Amino acid sequence: MSTSKRFLVISRRPPYGSSHARDALDTALTTAVFEQPVSMLFLDDGVYQLLQAQQPAGIQQKNLGATLSALPMYDIDQLYVCDSALRSRGLSLDDCLLPVQLLDGNAIAQLIRNHDVVLSF
Amino acid sequence: MSTSKRFLVISRRPPYGSSHARDALDTALTTAVFEQPVSMLFLDDGVYQLLQAQQPAGIQQKNLGATLSALPMYDIDQLYVCDSALRSRGLSLDDCLLPVQLLDGNAIAQLIRNHDVVLSF
Amino acid sequence: MIFSLLVYAAPHSHQGAESAYRFAVACLAQGHSIHRVFFYGDGIHGASALAAPPQDEPNLPARWQALAQAHELDLVVCIAAAVRRGLLDANEARRYEKPGHNLHQGFELSGLGQLAEAAIVSDRMITFGA
Amino acid sequence: MIFSLLVYAAPHSHQGAESAYRFAVACLAQGHSIHRVFFYGDGIHGASALAAPPQDEPNLPARWQALAQAHELDLVVCIAAAVRRGLLDANEARRYEKPGHNLHQGFELSGLGQLAEAAIVSDRMITFGA
Amino acid sequence: MTLHTLNRAPSDTALLTDCLRACSSGDTLLLIEDGVYCALAEQPIAWPAGVNVCALTADVAARGLDSRLASSISQVDDADFVQLCCEHARVISWY
Amino acid sequence: MTLHTLNRAPSDTALLTDCLRACSSGDTLLLIEDGVYCALAEQPIAWPAGVNVCALTADVAARGLDSRLASSISQVDDADFVQLCCEHARVISWY
């Protein structure tokens, strides 16, 4: 595995209701451990993963927000959010639990063209 | 089981993509075998189940339309369709593979009030 | 009141599986009785004897079994949904000549008629979907 | 070209499981090679040894195994997704002290790293979702 | 009277529309799981008149929405959920 | 250039919107499974300019849509699906 590929993980489901968000996150983390450059893009209800103050103990799940906060420690610092997904939900960057970059539609299409492998959840 | 209840099975998913439509149908058929009065209500993409000319052999599934056509033989003849679901898809009663009754929003709420048990898929 | 539950969501994939269990606990805590919990569709995976979730995730099949023992409720898995998805009891394993079986103790495989029967004899039927 | 597939849909619940198999057959028929099929999320149920579908529905685990034998492709199931959902091989059954195992012959349990590795060494990675 | 439960975010507009269309005055709508995102003050939904809308506490807390709910929506716990089932003649799950 | 697959009906407006927003001119969108309902002539969708849209034959036939497709949408078989994967640098699955 001498080659390296640019990975993009797209996460568009809200946390906790289904395992999609967790699976996207685990995929990004594992790919980073393999020393591949990984970006993450949050679309649609996936932006809800970024909300602060998640307390899932009452529904017997692990805190996804806490895991997300750790992404930069795994060198996953290219984090992107669809700005219309955020704005249409009345949210802003201040509501997010870690620093992310806002992208509009053209920039999302551009982001995709800059990656070799795109995995969506 | 001397008592009898009026069952309503709501089916709002398209056929084949997932097992929801088949499970709704099997539930209605089984309930009818138990000699309970059963109505079915097709909402949203569930109306696509009613389209003629389904040929699922190429995707290795059973013909759901054929099973639906048999509903009246099992005394399931109270079949309802949300008229806005049908119309917004450019479809009409002529496109349906068996006779169904159109309901608007108020009539749907009324239908629900007239049933004891509602199972949705 | 007499409740029955329809569980249509699989543990670890959809929250509905866990919501159903939490509802059942609350229901019994208030003195209601549960006639039957019926597992259908992907919900049948909630009856697996082989599930080994991480320590910080609940083992729902084991919890259902304990609840059923303590409160005499009926855990029924739709046999048609289960068999096609690979959840078998000893009988079905023999019938289909499969090398093992994996239905958790305390659950039984039966027909979809048990869902209809549960709805008839219960005051309320609540579905937890996926 | 070298393909790898990510199967994230369960047979009999979502069509994606069957679509993935059909794609693999078409792929091989055109002379391409498949490096790995990786089963993740609910897709892991596509590797069950105990699935006994009705005669008019395909037995996908058996078909994958036959395809893998004929074309030397690698069928890998995410171990974390599998173990929590009750899909075990003999090793994991021992480790978790479970009474049996149900991973279909021809499949192997391994880490999510095998998905990353497959994407790196393959020309194309195609996901079949649910 | 009917208790409706809804477990999807409002991005599933078709589900929310069907659910609201099926509500009669006097019904209760309980938002559970991802359905609690329908309760956000920032994204107000035009609830039908006469329908009582509430959200399940554990699901609200899990998703960090405690301080974000619309004021018209009350939070209920698991015991209340059971009680609501008793108070209504039937339960429909929208999922 | 990217091959996009989409497997949900257009009632999942959020998915369709995200998919179309992610398309660049020159991309191909292949409608599979329930995604083939996006190809109906009765419910025309405003496809982005420069994007080639096609639908998988087996899924069209399964759902009885053969005579109902918009004329701009071509049908492709499983072999074509493989070929499209080869002709595009990456594949994104929208589901």
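Side chains are part of it too, since the values below use all heavy atoms of this structure and drop only hydrogens, waters and symmetry mates. Just so it is clear: chains get the letters A, B, ... in the order the sequence lines come, proteins before strands, and each one is counted from 1. Keep in mind that this is a model prediction, so the values were computed, not measured.
Among residues 86-94 of chain D, no residue has any heavy atom closer than 4.5 Å to a heavy atom of chain F. Residues of residues 23-43 of chain D lying under 4.5 angstrom from chain F, judged on non-hydrogen atoms, are F23(D), A26(D), C27(D), Q30(D), H32(D) by number.
Residue A9(D) does not touch chain F at all, counting heavy-atom pairs closer than 4.5 Å. In this structure, chain D has a heavy atom under 4.5 Å from the side chain of L56(F), while its backbone stays farther away. Both the backbone and the side chain of D78(F) come within less than 4.5 Å of a heavy atom of chain D.
Judged by distance alone, the side chains of Q15(D) and D59(F) do bring a donor and an acceptor atom under 3.5 Å apart.
The backbone N or O of M125(D) lies less than 3.5 Å from no partner atom in the side chain of R90(F), so there is not a single donor-acceptor pair.
Summarising the local packing, CD of E87(F) is surrounded by more than 12 heavy atoms from other residues, nucleotides or ligands at distances under 6.0 Å.
Contact between C86(F) and F3(D) at its shortest, heavy atoms only, is SG-CZ, 3.8 Å.
Between chain F and the residues M1(D), H14(D), R22(D), the most heavy-atom pairs under 4.5 angstrom are made by R22(D).
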Candidate pair Y95(F) and T127(D), rule side chain to side chain contact (heavy atoms under 4.5 Å, CB included), full reasoning: CA-CA 9 Å; Y95(F) 65 92; T127(D) 300; 4.0 Å; yes

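Each of L3(F), V91(F), T5(F) was compared with I126(D) under the side-chain contact (heavy atoms from CB on, under 4.5 Å) criterion, and only V91(F) meets it.
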